[in-house]
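Taking it in order: structure first as structure tokens, then the write-up.
Below, read A as the first sequence line, B as the second, and so on, with proteins coming before strands; counting in each chain starts at 1.
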2 protein chains.
Amino acid sequence: MTPHLSEEEWNERVRAHPELAAMPQSLRDAATEQQTKAGERLYAIGDRPQFMLFVTAGELRLTRRAQNGAEVILQRSASGFVAEASLETSRYHCDIVAAQSTRLLRFPIGCFREALREDAAFQAAWMSRLAQEVRKLRAQCERLSLHGAAERIEHYIEAEGQGGRLELRQSRKSWAAELGLTHEALYRALATMVRTGRLRTEMQGDRFVLFACPRKH
Amino acid sequence: MTPHLSEEEWNERVRAHPELAAMPQSLRDAATEQQTKAGERLYAIGDRPQFMLFVTAGELRLTRRAQNGAEVILQRSASGFVAEASLETSRYHCDIVAAQSTRLLRFPIGCFREALREDAAFQAAWMSRLAQEVRKLRAQCERLSLHGAAERIEHYIEAEGQGGRLELRQSRKSWAAELGLTHEALYRALATMVRTGRLRTEMQGDRFVLFACPRKH
DNA sequence: CGTACTTTTGAATCGCATCAAATCTGGTGG
DNA sequence: CCACCAGATTTGATGCGATTCAAAAGTACG
């Protein structure tokens, strides 16, 4: 279940995930691949991080539970690293669960730290990655500070979509959790926005697609 | 208003802000110091970042305005770097304003990037800094995902305080904004929590101090 | 002493959470 | 292929809690 990869397999992964191109050879050699089933919890809060995880297919999520039992999603990744900050900590602060059947690469933490020390290009790429995550999280905080479901929806489309168009890569139900809303509130807000012309929606294949309709300031 | 610092001034700053100790000499030589008045806006959204900013006294904030005009605070720093991600971007995504009269060090971005390339220790320290910011922002997202003012307050005390004790380093009004609440809602929630024994409060000097009272699960 | 700001309380309103239930969907196994 | 099931989507009714608007009292500062 966790074999090392052949040269050819690596080339395949790199084609699909260009971020891997900056990976030094030492790390490639140390990497193993893992396949998980939907719903599986890979690591729990308090576990000692042993690997840096890179999603190549499916989706991993960082989650925590509020005391009322509701699940909070702190990060979703369908392609790329998850739990970047675990490089620096001795324990996970979140659970790591597979939202779907997921394939991922695992890089031993020690090798990862060493590669960062040794390889300047890799280091630069990693810093960019962290900075990008910081920007993304700031946007998420800004969104959650908005009152009103419609405002959060529009903010999300602007931040995560392109030119007012957003292909939703998850169920509306789990999107609701990401927006800090109940799923009922989200469904109703979407319906209202469509009815009042603030939004257009469409199914493209099995993807739900949203178009923001520009409003006068 | 922006003189270079003497050896002695540097030693003073480093004593008060140990994070500066990891700073290579080249950056120290390139740094200038700036003093701003309360309320002053140093940079606006869209400006081209020219310096990395390090607060040594007072407080800087990263802010944005929601379309309803409400101010959203994305980062507060009374000691240390602000707007870390501006190292990677060609434009500011937030305004940078002084919450109080503030003193800060300014490091030219070009020198900063070069120092990261050249100095491994500095680079490691910077990556830790970014990872720490990621964790902090995730905590903030988790907090904002909570419904209920009391839950956010308790979460904040647990995350930012020590052993259930929190010294508030800002007015309750601006704390309310950080919690994603109106100031009225915060005042009322605090009053209710004190009345029902979930919280104890106290003024120590001019600092508002909070004590969470442990509840059974 | 006056001015600006924070803290505090009050009343009315509105939006979201909550609980409930029906419909629709995709996927599984018989 | 169809019956069935789990989960997502959708609609409804109700209540609570936060927002909003308003105003008074307290506090810091020049």
### Query
Within 45° of the axis and under 6.0 Å from the centre of the six-membered ring of A:Phe208, does NZ or CZ of A:Arg172 qualify?
yes
#### Entry: Donor-acceptor pair (no angle test) under 3.5 Å: A:Arg188 side chain, C:dG15 base
no
### Task
Report which part of the nucleic acid A:Ala149 touches: base, sugar-phosphate, or nothing (heavy-atom distance under 4.0 Å, all strands).
sugar-phosphate
### Message
Quick check: on DNA chain D, is the nucleotide nearest A:Ala191 upstream (toward 5') of the one nearest A:His147, or the reverse? Name the residue that is more 5'.
### Response
A:Ala191
### Query
How about B:Tyr43 and B:Phe51: are their ring centroids closer than 6.0 Å?
no
### Task
Provide, to the nearest angstrom, the distance between the CZ atom belonging to A:Arg152 and the C1' atom belonging to C:dA17.
12 Å
### Basic-acidic side-chain contact under 4.0 Å: A:Arg129, A:Glu19
yes
### Summary
Between A:Glu167 and the options A:Gln204, A:Gln162, A:Arg207, the side-chain hydrogen bond (donor to acceptor under 3.5 Å, both in side chains) test singles out A:Arg207
### Query
Start at the 5' end of DNA chain C and walk down; is the nucleotide closest to A:Leu181 or to B:Ser174 reached first?
B:Ser174
### Query
Taking the side chain of B:Arg172 as its heavy atoms from C-beta onward, which of D:dT9, C:dT6, C:dT8 lies nearest to it?
C:dT8
### Task
Report the distance from atom CZ of A:Phe208 to atom P of C:dT25, rounded to the nearest whole Å.
14 Å
### Message
So, OP1 or OP2 of D:dT9: does either fall under 4.0 Å of a side-chain N or O from A:Tyr187?
### Response
yes
### Query
Separation of A:Leu146 atom CG from D:dT19 atom P, in whole Å?
12 Å
### Message
Without decimals, in angstroms, what is the distance between A:Leu190 CG and D:dT9 P?
### Response
10 Å
### Query
What integer distance in Å separates B:Ile153:CD1 from D:dA18:C1'?
12 Å
### Message
Can you tell me if A:Thr182 touches the phosphate of C:dA17, counting only side-chain N or O atoms and a distance under 4.0 Å to OP1 or OP2?
### Response
yes
### Query
For A:Trp175 and D:dA8, what is the distance between atoms CH2 and P respectively, to the nearest whole Å?
16 Å
#### Entry: Between P of D:dT9 and CG of A:Asp206, the distance in whole Å
12 Å
### Task
Output the single nucleotide from D:dT19, C:dC16, C:dA20 whose closest atom is nearest the side chain of A:Glu184.
C:dA20
### Task
Look at the side chain of A:Ser171 and decide which nucleotide, out of D:dA18, C:dT9, D:dT9, has an atom nearest to it.
D:dT9
### Task
Indicate whether the side chain of A:His4 and that of A:Thr32 have a donor and an acceptor atom separated by less than 3.5 Å.
no
### Task
Using a 4.0 Å heavy-atom cut-off across all strands, classify A:Gly180 as base, sugar-phosphate, or nothing.
sugar-phosphate
#### Entry: Residue A:Lys173, side-chain heavy atoms: nucleotide from D:dA8, C:dT18, D:dA22 that is nearest
D:dA8
### Message
How many whole angstroms separate atom CE of B:Met203 from atom P of D:dG26?
### Response
16 Å
#### Entry: Touch class at under 4.0 angstrom, heavy-atom based, for A:His183 against every strand present
base
